[in-house]
Amino acid sequence: WIQAAVVSANYTSVLGVAPVLGRSFTPADAGGRIGYVALISYDLWQRRFGGERSVLGKSMRLDDDPITIVGVMPRGFRHPMERGASPMELWVPIDLDNPDPKFVNIRQFRMLEVIGRLKPGATLSATQSQLDALTGRLANQYPAAYPAALKWRAAAIPLSERVVGDVRPALFVLLGAVGFVLLIACANVANLMLARATGRSREIAIRTALGSSRGRVIRQLLTESLLLAVAGGALGLVVALWGAHALGNLAALYLPRAREIGIDGAVLGFTAFASMLTGIVFGLVPAVQASRSDLQTVLKATGRGSSAGRSRIRGALVIAEVAVALVLVAGAGLLLRSFERLVAVEPGFDPARLLTMQVWLPWPNQPEKGRFFTPQQRVAFYDRIQQAVQQVPGVSEVALASRLPFRGQASRPFTIEGKPLAADEPAPRAEFRAVSSGYFATMRIPIVRGSGLPATDDSLSAGAVVINRTMAEKYWPGANPVDRRIQLSGPQGPWFTIAGVVGDVRQIAPETPAREEMYVSHRRFPGQEVSLVIRTNADPMASSGAVLQAIHAVDAEQPVFGVMSMEKLEADASAPRRFSLLLLSLFATMALLLSAIGIYGVMAYNTMQRRQEIGIRMALGAVPKDVFGLVVGQGMKLVGAGLVIGIAGAWGLSRVLQRQLYDITAGDPVTYIAAAGLLGLVAFAASYIPALRATRVHPTESMRGE
C-alpha cells in the first residue's frame with residue numbers, strides 16, 4: 001500500500017514544480033468525482049517500475065478504479081505538509097467545481113488543506129484580513145454550519161511554519177545542545193593549547209630574543225591551532241556521514257522530511273567555517289599568552305610553572321565547562337523524569353500482546369465498473385475475517401474498531417434528550433468510534449456501569465451507545481446516564497440509548513487526557529476502513545503472518561497494512577518526547593565526558609607544575625592526606641563555581657523545554673540537585689587521579705628534578 005493524495009488540478013503549478021517525466025494535471029483530468037489519471041513519486045517510479053520511461057500510460061488500480069500514470073514527480077519532491085514516516089507517493093486530481101463529489105460541498109467536511117501562493121507585493125497580514133472578511137461572510141450566511149460560539153476562522157500561515165512549527169522547539173534544543181558540546185570541546189582544546197604554550201615558553205622566548213616579532217609568534221601558533229581544528233572538522237565529517245543517516249531514521253517518526261537529512265554543500269561549508277572560526281577564537285588566547293614570554297623572566301624561573309594569568313584562564317575555562325555541562329545534564333534530567341512519568345500513565349487499556357492492522361475496502365468512483373461493497377457486504381466481510389482470525393493458533397480474542405488509539409481522532413455532534421439547545425448554541429461534540437461488541441473485552445477496557453454493545457446491533461434494531469467516564473461525569477454529573485438517550489449528527493440523526501459507561505482511554509496521545517467519547521456498533525457504521533485488534537497468547541508479531549494469511553484466505557484482493565503491535569503504536573505516539581530525550585541525553589553524556597577530560601587535564605597539569613611546591617610541603621611535614629585534600633580542593637573549588645553558574649543558567653534556559661515536559665515543571669529542584677550531584681561526582685573522579693599521584697611525590701626526587 002502507498003500514501004495517496006487528492007489534489008486540485010493546479011497543484012504542481014502552485015508549488016512551482018513540474019514532473020521530470022510526462023505532464024502535470026489539466027482541468028480536463030478531473031472530470032469525474034476523482035480523476036482517473038495520477039502522478040507518482042520518483043521513488044515509487046524507481047521501486048515499482050524500475051525507472052522505465054514506459055511507465056507513462058501504464059494503468060494501476062486505486063480503490064478498484066483504473067488509474068493511468070501521466071507523470072513522475074522530481075526526485076526528492078515531497079508533499080509540503082505530509083507527516084509521519086510514510087511519504088506521499090501518488091497524487092490524483094479532483095474537480096472542486098463539479099458538484100458530483102458531494103462530500104466536497106458539505107460545509108462540515110473540513111479535511112482539505114489549502115496551499116496558496118501570494119501575488120507579488122502581497123503581505124501575509126493583508127491576506128489574513130481578506131480571509132477574516134470571507135469567513136465573517138460565511139458565518140453570517142450559514143450560521144448553523146459556523147456557530148459564533150465556535151469562533152471558526154481560517155488562518156494564513158507561512159508554509160515553512162506549517163511544516164516545522166511543531167518541531168521548532170525541539171530543533172532549537174538540539175541546536176543549543178550541539179553548541180554547548182562544541183563550547184566544551186573548544187574549552188578543552190584551549191586548555192591544552194595553553195598548557196602546550198606554557199611548555200614551549202623557553203622556545204618562544206628564545207625565538208623572540210633572536211628577532212621574531214610578537215605578531216609572527218601569534219601567527220605561528222594560530223596556524224598550528226587552525227591545522228588541528230581543520231583536522232578535527234574533517235574527522236567530524238566522517239562521523240557525521242554515519243550519524244546523519246542514523247539521525248534521519250531515528251527522527252522520521254517525528255521530524256517532517258527527516259529522511260532528507262544528509263551532508264550537502266551547505267553542511268560542508270558550515271563545517272569548514274565553524275572549524276576555522278573555533279580554531280582562531282580558541283587558539284587566539286593561548287597564542288597571545290604565549291607571545292608574552294620574556295627570555296629573562298623565563299630563564300630566571302626556577303621551574304616551568306605557568307604564570308598566574310594562564311592559571312586563571314585555565315580555571316575560568318574549567319568553570320565554563322562545568323556550567324555548560326550542567327545545563328545539558330539538567331535538561332536531560334528534566335526530560336528523563338518527564339518521560340518516566342509519561343510511561344507510568346495508564347492508557348486505559350492493556351497494550352500487552354495486542355496485534356493491530358488495518359483493512360481498506362474499495363469504494364470505486366463507478367461501482368458498476370469495479371468491485372463495490374455495500375454496507376451490508378462490508379458487515380459480512382468483517383464478520384468473516386473476524387471468524388477466520390479467531391481460528392489462528394495463538395489468537396485468543398479479536399475485535400474491530402473504526403479507529404484505534406493514537407491513530408487520530410474523529411468527533412461527532414450530539415444532542416441530549418430533554419436538553420434542547422439555544423438557537424445560536426453549537427451542539428456538543430464527542431470522540432466517535434464504531435467498534436465490535438468484543439472490543440472492550442479484547443482491549444481490557446473496564447465497563448464501570450451498565451453493559452457493553454450488543455453483538456446483534458444493526459440498522460434494524462434500536463441503537464445502543466456506550467460512553468466513557470469523562471462524558472458521563474460532564475453531562476450527567478452525579479447521575480446514572482444508563483438508559484438515557486442522545487441523538488447523533490444533528491436533528492435528523494438517529495437516536496441511541498446509553499447501554500453502559502466504560503473507563504477512559506487516552507486516544508490522542510499518552511500525555512493527552514481522555515476526552516468525551518462514545519462507542520457505537522460497527523454494524524451501524526460499517527466504514528470503508530476498519531482496524532483489527534487481536535490479543536495473542538505470546539509475541540503478537542509472531543502471529544502476524546498467520547493472521548494475514550487468514551484474512552487473505554477470505555479475500556486475497558483486499559489490502560491489509562499498518563501491521564504492528566499495540567505497544568509499538570503506543571511507543572510511536574510518544575516518539576517526539578523520546579526523540580528529544582535521546583538526543584539531549586546523548587549530548588549531555590558527551591558533555592560529562594568532555595568536562596571530565598578537561599578537569600582531569602587541568603588538574604594533572606597543575607599538579608605537575610606544582611611538583612616542587614608539593615615536595616617542599618611534604619618535606620616540611622605535610623602528610624599524603626593533606627596533599628590529596630589540597631589538590632582535590634583546588635579542583636572542587638572550580639567545579640563549585642561552575643555548578644553555581646550552571647544552575648542559574650540551566651534554570652533560565654530550561655524554559656524552552658517546558659512544552660516538552662509532562663507532569664513536571666522546568667524548575668524541578670530534584671532534577672537540579674541530582675544533576676549537580678552527578679556532575680560533582682564526575683568532577684571529583686577526574687580530580688582523584690591527579691591528587692593520588694600528588695601524594696606519591698617524593699620530596700628528594702621533586703627537588704632534584706627542579
Undergrad: Listed by chain and number, what are the side-chain contact (heavy atoms from CB on, under 4.5 Å) partners of Pro446, not counting sequence neighbours?
TA: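 Testing Pro446 for side-chain contact (heavy atoms from CB on, under 4.5 Å), a comparison that skips the adjacent residues, returns none.
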
Undergrad: Restricting to salt bridge (charged side-chain N to carboxylate O under 4.0 Å, His left out), what partner residues turn up for Arg47, sequence neighbours left out?
TA: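 Checked Arg47 against salt bridge (charged side-chain N to carboxylate O under 4.0 Å, His left out); matches are Glu89.
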
Undergrad: So, do Met566 and Pro540 sit near enough that their side-chain heavy atoms are less than 4.5 Å apart?
TA: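 No, every pair of side-chain atoms sits at 4.5 Å or beyond.
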
Undergrad: Kindly write out the residues that satisfy side-chain contact (heavy atoms from CB on, under 4.5 Å) with Gln377, not counting sequence neighbours, or none if the list is empty.
TA: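 Here the qualifying residues are Phe373, Thr374.
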
Undergrad: Among all residues two or more places apart in sequence or in another chain, which pass the salt bridge (charged side-chain N to carboxylate O under 4.0 Å, His left out) test with Arg75?
TA: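 Partners of Arg75 under the salt bridge (charged side-chain N to carboxylate O under 4.0 Å, His left out) test: none.
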
Undergrad: For Ser24, which residues count as a side-chain hydrogen bond (donor to acceptor under 3.5 Å, both in side chains) partner, sequence neighbours excluded?
TA: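 Per chain and number, Ser24 pairs via side-chain hydrogen bond (donor to acceptor under 3.5 Å, both in side chains) with Thr12.
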
Undergrad: Identify the residue among Arg469, Gln409, Arg433 that makes a side-chain hydrogen bond (donor to acceptor under 3.5 Å, both in side chains) with Glu517.
TA: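 Per the side-chain hydrogen bond (donor to acceptor under 3.5 Å, both in side chains) rule, the option paired with Glu517 is Arg433, out of Arg469, Gln409, Arg433.
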
Undergrad: Relative to each other, are the rings of Tyr11 and Phe77 parallel, tilted or perpendicular (30° and 60° limits)?
TA: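 Taking Phe77 first and then Tyr11, their aromatic rings stand perpendicular (interplane angle over 60°).
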
Undergrad: Glu431 vs Gln507, test: side-chain hydrogen bond (donor to acceptor under 3.5 Å, both in side chains). Steps then yes/no.
TA: CA-CA 9 Å; Glu431 298 298 314; Gln507 304 278 11; over 6 Å; no

Undergrad: CG/Leu56 to CD1/Ile40 distance, rounded to the nearest 0.5 angstrom?
TA: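 Atom-to-atom, Leu56:CG and Ile40:CD1 are 8.0 Å apart.
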
Undergrad: Which donor-acceptor pairs under 3.5 Å do side chains of residues 338-352 form with protein atoms, sequence neighbours excluded?
TA:
residue : atom : partner : partner atom : Å
Ser338  : OG   : Tyr662  : N            : 2.6
Arg341  : NH1  : Asp663  : O            : 2.6
Asp350  : OD1  : Ala352  : N            : 3.2

Undergrad: Could you report the tightest heavy-atom contact between Met471 and Ala430, atom names first, then the distance?
TA: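 Closest pair (atom of Met471, atom of Ala430, distance): SD-CB, 4.0 Å.
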
Undergrad: State whether Asp572 and Arg407 are salt-bridged, where the test is any N-O pair (Lys NZ or Arg NE/NH1/NH2 against Asp/Glu carboxylate O) under 4.0 Å.
TA: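 Here Asp572 does not pair with Arg407 in a salt bridge, since their nearest N and O are not under 4.0 Å apart.
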
Undergrad: Under 3.5 Å, sequence neighbours excluded: what are the donor-acceptor pairs made by side chains of residues 436-445?
TA:
residue : atom : partner : partner atom : Å
Ser436  : OG   : Leu400  : N            : 2.9
Thr442  : OG1  : Gly438  : O            : 2.8
Arg444  : NH1  : Glu397  : OE1          : 2.7
Arg444  : NH1  : Glu397  : OE2          : 3.4
Arg444  : NH1  : Ala441  : O            : 2.4
Arg444  : NH2  : Glu397  : OE1          : 3.0

Undergrad: For Asp539, check salt bridge (charged side-chain N to carboxylate O under 4.0 Å, His left out) against everything at least two apart and list the hits.
TA: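 Salt bridge (charged side-chain N to carboxylate O under 4.0 Å, His left out) list for Asp539, sorted by chain: empty.
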
Undergrad: Which side-chain N or O atoms in residues 541-550 pair as donor and acceptor under 3.5 Å with protein atoms at least two apart or in another chain?
TA:
residue : atom : partner : partner atom : Å
Ser544  : OG   : Met541  : O            : 2.7

Undergrad: With sequence neighbours left out, what residues match Glu516 under salt bridge (charged side-chain N to carboxylate O under 4.0 Å, His left out)?
TA: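 Checked Glu516 against salt bridge (charged side-chain N to carboxylate O under 4.0 Å, His left out); matches are Lys474.
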
Undergrad: May I ask you to check whether Phe432 and Phe525 place their ring centres under 6.0 Å from each other?
TA: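 They qualify: ring centres under 6.0 Å apart.
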
Undergrad: Would you please name every residue forming a side-chain contact (heavy atoms from CB on, under 4.5 Å) with Arg48, sequence neighbours left out?
TA: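 Once residues adjacent in sequence are excluded, the partners of Arg48 under the side-chain contact (heavy atoms from CB on, under 4.5 Å) criterion are Leu44.
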
Undergrad: With sequence neighbours left out, what residues match Met60 under side-chain contact (heavy atoms from CB on, under 4.5 Å)?
TA: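 Only Ile67, Ile69, Leu90 meet the side-chain contact (heavy atoms from CB on, under 4.5 Å) criterion with Met60.
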
Undergrad: Which pair of non-hydrogen atoms, one from Asp29 and one from Phe25, has the smallest distance, and what is that distance?
TA: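 In this case the closest contact between Asp29 and Phe25 is OD2-CA, 3.3 Å.
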
